Amino acid sequence: MSDVVAQKTEEQEPEVDLSIADAIIDKYIDIPGNLMPVLQAAQDEYGYIPRTVADHIAERLNVYPSQIYGVLTFYAQFHLKPRGKFIIRVCVGTACHVQGAPRIVETFFDKLGIGHAETTPDLRFTFEKVACLGACGMAPLAMVNDSTYGAMTVQKVDDIVADYQQRPLK
Amino acid sequence: MLCFRILFMEQVLFKHNRPGRMTTFDEYRSEGGFVALARALAGMSPDEVQQAVIDSGMRGRGGAGFPTGKKWSFVPRNLPGPRYLICNCDEMEPGTYKDRVLLERNPHLLVEGMALACYALGVQHAFIFIRRGYEQAADNLRLAVAAAHGAGFLGENVRGSGFSLELDIHQSAGRYICGEETALINALEGIRANPRAKPPFPAVKGLWGQPTVVNNVETLANIPSIINGGPAWWKGLAATPEAAGTKLFCISGHVVRPECFELPLGMKLGEIIDGPCGGMRPGSTFKACIPGGASTPYLTKLHWDVPMDFDPVAKAGSRLGTGGIIVFDQSTCMVAATLNLIRFFARESCGWCTPCREGLPFVRHILERIEAGQGQAGDIDILREHVRLLNHAFCALAPGAMGPVDGLLNHFEDELQEHITAQRCPFEGTHS
């Protein structure tokens, strides 16, 4: 049974270039507590942590794969599956909640056709409900990658989706 | 009258701010920046710096309000090996964004404050643990650290004093629990951020098993002005004789100006809302507020004249916390607001101890069914029992998470009862 699972996982995973991971590891190899910066840089470079990369990092840093997966599944930054080019985050913290965040979330769901923590099949959008983004004075708040959109309205949701629909994927 | 007072209130943290951008290193220098550090290195012993912080009455600005000088004094003097200072900028408490504003506007203040703290504590290697998502703040900090290095205020043998300091910036991979100081230390070491057992306290055995002090951004940013103006002057910046210094209050919710203000500690809640915040929005009346971030019990109209300082807010049954005030108007369903908070905490429980891991989802379930109109007769008693039970968790997350539930039970039990009796949310349709 476990063989079947393992085989399936490997089938699904596209080829990854391990030399990128090697360059990252070389940079941090002598620093104590290097696991976090290595995984963070790998997440940035690959857009997620492919299984082969996690196993490769385990081997080169001489830590158990279980420890790596323990860290990967604990922290919010790490993802084990490919993500969209544009990560849309809508804050549902309390300050945003009382200013109408639930309606903003619903409108994004409708517009994108995906739910929380899901990615569109074309890998254009990933949608996440998050709390708290730490800009409560601008509530309700949304972010697309590193761009911040304050005082969100249903109309602004339309504008944002239309804007990022037009941007090139590559 | 109020406007007059606010206009002439002395500021130390926002004094050097420029509208809409970061203050440059040269601007900060020309306005007295790094004078405190140069003075301390030239003419004060480390003990004198520590004594000044003790005398100032400074209490930690990260939420717990522990006296900063006292925390420093717990570091043993004669242990071999290095010791560390960590600046906690893992600002993930919903409703709190003061450290972001401080770092985006004037990161130099933190660099100088950390250098002073390291001098007092005998630290040669310090870390800034900054949360995920604060990219601008982290970028500004990198600029500030590089500029301070360039001017000889960091690095080897600062200003020929024999004092050396390296400052590293570590960006968190993101979990609320990382704000707990022992969990933060684990995160910095590259493992899962579960809290550690105390004792030993970090002051004795922290990062890599060495003595470690963890202080909040705002706490450390205040130290240059304590040294510059003297502890007595700094203490006197507060609004009441009992309070000490200024405080960053970051306000959100149904007010006219939801912004971050530096105000005297001990200013009354009503004065803050009616003064700098410009009052409630048109059509809104004040119903309640969270006084200091998501883990603090609600204050209501009854507390309008409570001085916003650690002890008076505690006396009112809540906590000053981080100074992140979320203001709710009459349209807010307090059950739904509490449910929103509990959803956050239940998700962010690190899973280490049973009361928190199992208890918070259970409380969330109870609140969900009350809000959905399926509340049962005994639900209020169950909630009350869990406020008591979750106090016995491993760290402060679960007791903090139950703060809003405690506030709900103490001030809005009738609203809870109304949900259960009517089998629906009375605010249905008035908010989304």
Side-chain angles (χ1 to χ4, degrees), chain A residues 28 31-41 43-44 61 63 66-79 87 89 91-107 129-141 143 145-148 150-151 154, chain B residues 91-101 131-137 170-178 187-194 207-208 250-254 257-260 290 294 324 326-329 331-333 336-338 340-341 343-344 347-348 350-351 404 431-432:
Chain A
Y28 292 101
I31 302 171
N34 54 9
L35 182 56
M36 207 65 83
V38 166
L39 291 175
Q40 286 175 321
Q43 168 75 40
D44 283 347
L61 293 185
V63 293
S66 61
Q67 192 188 334
I68 297 228
Y69 284 101
V71 167
L72 288 177
T73 53
F74 187 89
Y75 293 99
Q77 183 180 0
F78 302 121
H79 300 276
I87 316 286
R89 296 190 178 93
C91 185
V92 292
T94 314
C96 290
H97 170 84
V98 299
Q99 306 265 31
R103 257 183 74 201
I104 305 299
V105 171
E106 288 302 323
T107 313
K129 287 192 287 184
V130 294
C132 159
L133 288 169
C136 313
M138 297 159 74
L141 191 79
M143 284 183 84
N145 293 352
D146 289 338
S147 307
T148 304
V154 170
Chain B
E91 188 175 55
M92 289 196 65
E93 182 93 0
T96 308
Y97 56 99
K98 65 188 178 67
D99 296 340
R100 178 211 281 262
V101 173
R131 74 163 273 191
R132 172 175 171 259
Y134 278 20
E135 308 305 327
Q136 185 68 55
H170 175 94
Q171 275 182 289
S172 170
R175 271 308 281 271
Y176 174 72
I177 190 66
C178 295
L188 204 54
E189 290 187 7
I191 57 178
R192 285 168 78 105
N194 298 124
L207 186 65
W208 316 117
C250 45
I251 294 103
S252 57
H254 301 124
R257 277 191 300 276
E259 292 168 25
C260 182
I290 288 177
I326 310 179
V327 179
F328 303 130
D329 73 0
S331 73
T332 311
C333 170
T338 310
N340 172 278
L341 291 159
R343 278 187 176 140
F344 171 81
R347 193 191 71 210
E348 291 297 336
C350 80
H431 66 98
S432 49

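Predicted, not measured: the structure shown is a model, and the values here were computed from it. Below, read A as the first sequence line, B as the second, and so on, with proteins coming before strands; counting in each chain starts at 1. Computation of the quantities below employed the complete heavy-atom set of this structure, encompassing side-chain atoms and omitting hydrogens, waters and symmetry-equivalent molecules.
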Checklist entry - Where on A:Ala131 is there a heavy atom nearer than 4.5 Å to chain B: the side chain, the backbone, both, or neither? => result both

Next on the checklist: How long is the straight-line distance from CG of A:Leu133 back to CZ of B:Arg100, given to the nearest 0.5 Å?
Outcome noted: 7.5 Å

Next on the checklist: Heavy-atom pairs under 4.5 Å with chain A - which of B:Ala294, B:Pro258, B:Ala173, B:Ala193 has more of them than the others?
Outcome noted: B:Ala173

Next on the checklist: To the nearest 0.5 Å, what is the distance between CD1 on B:Ile290 and SG on A:Cys136?
Outcome noted: 10.0 Å

Item to check | Residue pair B:Thr332 / A:His97, side-chain heavy-atom distance below 4.5 Å | outcome: no

Item to check | Close side-chain approach of B:Arg192 and A:Gln67, heavy atoms under 4.5 Å | outcome: no

Item to check | Distance (rounded to the nearest 0.5 Å) between B:Arg343 CZ and A:Lys129 NZ | outcome: 7.0 Å

Checklist outcome for this item: Answer key: most heavy-atom pairs under 4.5 Å with chain B among A:Val98, A:Leu35, A:Leu39 is A:Val98

Next on the checklist: Which one wins on heavy-atom pair count under 4.5 Å against chain A: B:Ala337, B:Gly351, B:Cys178, B:Ala187?
Outcome noted: B:Ala187

Checklist entry - Quick one: does A:Gln40's side chain have a donor or acceptor within less than 3.5 Å of a partner on B:Gln171's backbone? => result yes

Item to check | Contact class of B:His170 relative to chain A, heavy atoms under 4.5 angstrom | outcome: side chain

Next on the checklist: To the nearest 0.5 Å, what is the distance between CE on A:Met36 and CD on B:Glu189?
Outcome noted: 10.5 Å

Next on the checklist: Do B:Phe344 and A:Thr94 make a side-chain contact, defined as non-hydrogen atoms from C-beta onward lying under 4.5 Å apart?
Outcome noted: no

Next on the checklist: With side-chain contact (heavy atoms from CB on, under 4.5 Å) as the test, pick out the partner of B:Pro94 among A:Cys132, A:Cys91, A:Cys96.
Outcome noted: A:Cys132

